[in-house]
Amino acid sequence: MPRRALAFALFSLGLMAAPLEGEGFSLQAPELLGQGQIGRPPRLTHEENGTDIPYDVAPPRTRFTFSGGTVLEVIPLTDPGVTDFGKAYPDLATCARDVQGLLAKGAPRGLIMQDWPLWNCPDSAPTIFAKVRRVETPWCTGLFFLTRYTQEEGSPVDNSSLTGTFQGLSRDGRYFIYADIPLTQASLPKEGQDLTERPAEEIRAYYRRVEQQLSEAPDGSFNPSLGVIDSLLQSLKPLSR
C-alpha cells in the first residue's frame, strides 16, 4: 500500500499516534484516547499503607494516563528501597506470579466472578471475561479481556462501565504491565438495568449472555476498537539508554 494511503487508513481507524515519552518508556498514543500525560507515583509499601484499602501499593513506577480515562502502568518487580519485595508489595508479587502462571497455561475462557489475578482491584471483582486473548508484543506478553467490575453481583454490563483490562510481564520478567481502558460497544445500552435483587442463577445467565454477545462482536464495533488498543500495547517499549 502506498505510504499516503496507509497513513489515511490509519487515520480513519483512529490509529494516528503521537509519541509519548518519559520515565524510561514510550508509547504511540492514539489521539482518540485523549490527551496523554506521564507520571511517576511514589513508593507505597504494605506496611506504609497499614489498614487502608490497598490501592497503589507498589514501588515507584511509570504511569501513562489519558483524558479519556485510559491508564497504563509499567511497574518494576524489584525495589532496592525494600529488603523483601514480597512482603513490601504482596498483592503485586502474587499477581505477577499468577499472571505468569496463566500465560503458561494459555487464556482461560468462560469464567464468571472467578478470582483472576488482578492488581489494584481490592474491593471489586470482574463480572465477565469477554474477548479474552493473549497479547504478544516485541517487549511484553500478557492477557486482555473485557469486563465490568462490581462489588455486588447483578450490576449491569453497559456503556457506562465496560472496561478493557490488560495484565502482562516484560519478556525479561523485570516489569509488570497493567492497563485499564474504558470502552463502549454499539449493542450495549448506555445504562443497563440493575439485577442485584434478582436470583443468582438469573444474574449468572445474564452475564453469560453478555459475555457471549461481546466475545462474538467484531473488534471494530468497540470504541476504541480493539485494534487501537492492540496498537497501543504493541508500541510500549523502554527508551534507549
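Every value quoted in this text rests on a predicted model; they were computed, and no experiment measured them. Nothing fancy with the numbering, it's 1 onward along the sequence.
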Minimum heavy-atom distance [X]-[Y], with the two atoms named:
X: D158; Y: P189; answer: CB-O, 3.3 Å
X: Q28; Y: S235; answer: N-OG, 2.9 Å
X: T62; Y: E23; answer: OG1-O, 2.7 Å
X: H46; Y: V57; answer: N-CG1, 3.6 Å
X: I53; Y: P122; answer: CG2-CG, 3.4 Å
X: R43; Y: G81; answer: NH2-CA, 3.6 Å

Aromatic ring pairing F176/W119, orientation class (parallel under 30°, perpendicular over 60°, tilted between)
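Aromatic pair F176/W119 classed perpendicular.
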On the 0 to 90° scale, with breaks at 30° and 60°, tag the Y175-F25 ring pair as parallel, tilted or perpendicular.
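Plane angle over 60°, so perpendicular.
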Verify the distance criterion only: is there a donor paired with an acceptor across the side chains of [X] and [Y] at less than 3.5 Å?
X: S187; Y: Q185; answer: yes
X: T141; Y: E136; answer: yes
X: Y149; Y: S155; answer: no

More than 12 non-hydrogen atoms from neighbouring residues, nucleotides or ligands closer than 6.0 Å to [atom1] on [X], yes or no?
X: Q37; atom1: CD; answer: no
X: E201; atom1: CD; answer: yes
X: R198; atom1: CZ; answer: no

Test ring-ring contact (aromatic ring centres under 6.0 Å, His included) on F129 and F145 and set out the steps.
CA-CA 6 Å; F129 294 91; F145 64 93; 4.9 Å; yes
Ignoring hydrogens and angles, tell me if any N or O in the side chain of Y89 forms a donor-acceptor pair with the backbone of D84 under 3.5 Å.
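Side chain of Y89 to backbone of D84: no pair is present.
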Would you mind checking if R133 and D230 are paired as a salt bridge, meaning a charged N to carboxylate O distance below 4.0 Å?
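No.
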Charged N-O contact under 4.0 Å between D79 and R61:
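Between R61 and D79 there is no salt bridge, as every charged N stays at least 4.0 Å from the carboxylate O atoms.
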Let me confirm one number: the CD1-CG distance from I181 to L233, rounded to the nearest 0.5 Å.
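Output value for this atom pair is 5.5 Å.
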